[in-house]
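Counting begins at 1 with the first residue of the sequence.
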Amino acid sequence: MRRWGWVCVLGLLGVAACKKDVPAEAPDAGAVETGPSALTEKEPNERPDQALAVTRDSVVTGGLAAEPNKLDEDWYRLAPGTPRIADVTVTGLPGGDVKLDVYDQDRNRLVGVNSEGEGKGERLPNLYVEQERWLVVSPARKGMGGAYTLEVKYRQPNDGEEREPNDRAVDAAALPLGQTVTAFLGHSGDEDWYRVELAGPVAPEDVPAAQDSGAQAPGAPAPGSTPAAVPPPPVPDETPVIDDNAAPSPTPEGTFGGGEPPAPPPENAAPTAPIGELGGALAAQVVDAGLPPEPEVPSVALKIELSAVEGVRPEISVLSAAEAPLFTLQGKEGEPLALRNIGVRATDRVVYVVVKGGWTGTGKAQRRTYNAQVPYTLTVSQEEAGAHAELEPNDELLKATPLTGAGYREGFLSPKSDVDHYVLTAREPVLAKVELSGVDRLDLTLSMVEPPQGDGLKETVLLKANDGALKEPERLNNVACSGTCYFRVEGSFRKVNGKFVRDFENADQPYRISVTTVPDNGSEEREPNNTSDRAQDLTLSKAVRGTVYPAKDVDYYRVDLSDRPVRTALTATLLGILKVDVGLYLHRLQPDGKLSLVQTSDRAKGDQPETIRYSAEPGVYVFEVRDAKNREANFQDSYQLTVEEGE
């Protein structure tokens, strides 16, 4: 009996153990939601406390009364329970114009959507509902009404997705550098604000060293500054080597500091073109030769990439923390924007990037573009070029990016209409060699530009180099600079379908503009000297060297014999160069300012010398040096001109 008792006990324990291993049945979860709720608007619903709650995906059937004295408003409470993105769509009113308005819990209006016309619906594709929002459907004008259908779809918020409303700085979405956000320009009044936080202060090794281009050789450090690498000399018969480690720009104004006050310019120094008047701002950039400029913190360059959206003409702006505009650009409808080297101040810790649809149409048909169906993507990152980067906007002389006398900048031509200006400021007379590298898909033009010389006048192009074609470099030699000199980089024009257009751009590969300077001691030509009124004064018996570059370059030299009582015997000798058949031409300057040719020497014998012997009556004479065939150029080799008294 005792044995059978233990068997029963063990059997009962086994049964209990088996029951313990069996999972409990799940509780009944109720009916599964398989689609949107079908709701019907219920009057009165003209106040928040009367609003119909929309807690899940829903389709609401409603109607607006056409009342002549007031607008009928239908209020809805969006309350999904957890943070959601709501896609809200309302159909149009038959013969009427419908609009959507969104309010917060305190009845503050957050956003209004009324982009379409009569009979058409409205959509807000990405309204962020953290707790609850009030949505109001109403006619755009009194006396309108009719039936409508309101559809609300909720979805989980995703990282990297815009959340409306974000049309103010206080509501701006944080956009880390290098990350991409997906967003909509969902209606005509839509503005998307993004807050971009920049890196900390610039490291000391990244701050450009000050340099005095007039008092020392290129690349030599100013007193108290970090020594800069000296560019290697040009290799014979090859393009001069550009040192990637050359010292960057010392200050945003491109000034040269340090050293002793400069000596007065030599008597034969070419006069520098006046700076002109640009509201007084350009004149303020000229450095006082007696006081070294105060170094300033360099700027930071940003890269902004905006994808294309069909039907949208994008407009993008960069604002400071105080919402002051730093950069603004409108693109072309349906095309992306790739903006490079957008300059912001390194002292700014925060900037705002604002995206909105640009205007299209004229008159009453003018409107801002938008697309509630297709999103765009936006990425903001910091350029790798650092202190050597071009700083946009620099499409005006007033906003020119500074250059140094022994450094370089890297820039981009994008979009196609982009024009970049650079400024070189020297405290003493210098001669500058400006080199512009070639870039794939680009035919570049390099120019020296003189600012307007009065109100209502335009700038003057003093020199222009466009010898190269696609991918080929451009250069300007022996540019005289004493004060402030401006240079322009732009795409060349080409003929397409009978019209000259500038349709070059490359947002992926930068060009490099570099400058090297040497003191102007009078032994080299001073460009621009391509017109008789800019002719360089010659000292008799003192040789001067120059280059025939770019193609069709003409160099004029002036000899003043006005104070001579009798004729003067002159012997001019021109030593030739390779590739170019240099010719020498002697003119007499007439009282009306025109030139009268008196003698030539252009045998076109290659690098053989040309000689002119002439008995000159008292007066002013101008020697002209150019390619006798007016078609070749040589940037590397220099001719030599010497004018002496006697046979």
Taking all heavy atoms of [X] and all of [Y], pick out the closest pair and write down the distance.
{"X": "Gly143", "Y": "Ala66", "value": "O-CB, 3.6 Å"}
{"X": "Asp348", "Y": "Leu198", "value": "O-CD1, 3.2 Å"}
{"X": "Ser320", "Y": "Tyr352", "value": "O-CD1, 3.5 Å"}
{"X": "Arg133", "Y": "Tyr128", "value": "NE-O, 3.9 Å"}
{"X": "Ser514", "Y": "Tyr408", "value": "CB-CB, 3.8 Å"}
{"X": "Arg107", "Y": "Pro48", "value": "NH1-CD, 3.8 Å"}

SB check [X] [Y] (cutoff 4.0 Å):
{"X": "Glu410", "Y": "Arg512", "answer": "yes"}
{"X": "Glu197", "Y": "Arg195", "answer": "yes"}
{"X": "Glu191", "Y": "Lys356", "answer": "yes"}
{"X": "Arg368", "Y": "Asp190", "answer": "no"}
{"X": "Glu161", "Y": "Arg155", "answer": "yes"}

Side-chain contact test, heavy atoms from C-beta onward, threshold under 4.5 Å: evaluate it for [X] versus [Y] and give yes or no.
{"X": "Pro139", "Y": "Leu93", "result": "yes"}
{"X": "Ser115", "Y": "Glu122", "result": "yes"}
{"X": "Val60", "Y": "Val152", "result": "no"}
{"X": "Arg488", "Y": "Asp420", "result": "no"}
{"X": "Asn166", "Y": "Glu164", "result": "yes"}
{"X": "Val309", "Y": "Leu185", "result": "no"}
{"X": "Arg313", "Y": "Glu315", "result": "no"}
{"X": "Phe327", "Y": "Glu392", "result": "yes"}

_I need the full list of side-chain hydrogen bond (donor to acceptor under 3.5 Å, both in side chains) pairs touching residues 88-102, with sequence neighbours left out, sorted by first then second residue._
Asp101-Arg109
*Pairs touching residues 72-84 that satisfy side-chain hydrogen bond (donor to acceptor under 3.5 Å, both in side chains), sequence neighbours left out*: Glu73-Trp75, Asp74-Tyr148, Tyr76-Tyr148, Arg77-Glu132, Thr82-Arg84, Arg84-Gln156
*Take Asp87 and Arg123 through the test salt bridge (charged side-chain N to carboxylate O under 4.0 Å, His left out) and record every step on the way to the result.*
CA-CA 8 Å; Asp87 186 346; Arg123 183 187 180 195; 2.6 Å; yes
Rounded to the nearest 0.5 Å, how far apart are [atom1] of [X] and [atom2] of [Y]?
{"X": "Phe412", "Y": "Tyr511", "atom1": "CZ", "atom2": "OH", "result": "9.5 Å"}
{"X": "Ile304", "Y": "Tyr194", "atom1": "CD1", "atom2": "OH", "result": "12.0 Å"}
{"X": "Leu127", "Y": "Ile85", "atom1": "CG", "atom2": "CD1", "result": "7.5 Å"}
{"X": "Tyr486", "Y": "Met448", "atom1": "OH", "atom2": "CE", "result": "11.0 Å"}
{"X": "Asp395", "Y": "Glu490", "atom1": "CG", "atom2": "CD", "result": "12.0 Å"}
{"X": "Leu462", "Y": "Phe487", "atom1": "CG", "atom2": "CZ", "result": "9.5 Å"}

*asked:* Take a 6.0 Å sphere around CD of Glu67 and say whether it holds more than 12 heavy atoms from other residues, nucleotides or ligands.
replied: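 Above 12, so yes.
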*Is atom CD of Gln366 surrounded by more than 12 heavy atoms (other residues, nucleotides or ligands) closer than 6.0 Å?*
yes
Please answer whether the main-chain N or O of [Y] pairs with a side-chain N or O of [X] as donor and acceptor at a distance below 3.5 Å.
{"X": "Thr379", "Y": "Glu305", "result": "no"}
{"X": "Glu162", "Y": "Val181", "result": "no"}
{"X": "Asn371", "Y": "Val374", "result": "yes"}
{"X": "Glu390", "Y": "Asn341", "result": "no"}
{"X": "Thr369", "Y": "Gly358", "result": "yes"}
{"X": "Gln453", "Y": "Pro451", "result": "yes"}
{"X": "Asp106", "Y": "Asn108", "result": "no"}

*How far apart are the C-alpha atoms of Leu124 and Val111, what are their side-chain angles, what is the distance that settles it, and do they pass the side chain to side chain contact (heavy atoms under 4.5 Å, CB included) test?*
CA-CA 10 Å; Leu124 184 56; Val111 63; 4.2 Å; yes
*So Tyr103 and Val136, side chain to side chain contact (heavy atoms under 4.5 Å, CB included) or not? Walk me through it.*
CA-CA 8 Å; Tyr103 294 82; Val136 179; 3.7 Å; yes
Which side-chain N or O atoms in residues 438-447 pair as donor and acceptor under 3.5 Å with protein atoms at least two apart or in another chain?
unit_1	atom_1	unit_2	atom_2	d
Arg441	NH2	Glu505	O	3.0
Thr445	OG1	Ser492	OG	2.7

*Please walk me through it: do Glu41 and Leu150 pass side chain to side chain contact (heavy atoms under 4.5 Å, CB included)?*
CA-CA 10 Å; Glu41 172 219 4; Leu150 174 68; over 6 Å; no
*Go through the steps to decide whether Val137 and Leu100 satisfy the test side chain to side chain contact (heavy atoms under 4.5 Å, CB included), and finish with yes or no.*
CA-CA 5 Å; Val137 180; Leu100 290 172; 3.7 Å; yes
*Could you check Arg56 against Ser37 for side chain to side chain donor-acceptor pair (under 3.5 Å), going step by step and ending with a plain yes or no?*
CA-CA 7 Å; Arg56 55 185 294 264; Ser37 299; 2.2 Å; yes
*Val344 pairs by side-chain contact (heavy atoms from CB on, under 4.5 Å) with which of Leu326, Val196, Leu391, Leu319?*
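With Val344 as partner, side-chain contact (heavy atoms from CB on, under 4.5 Å) holds for just one option, Leu326.
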*asked:* Using the rule salt bridge (charged side-chain N to carboxylate O under 4.0 Å, His left out), only one of Arg340, Arg409, Lys303 pairs with Glu383; which is it?
replied: Arg340
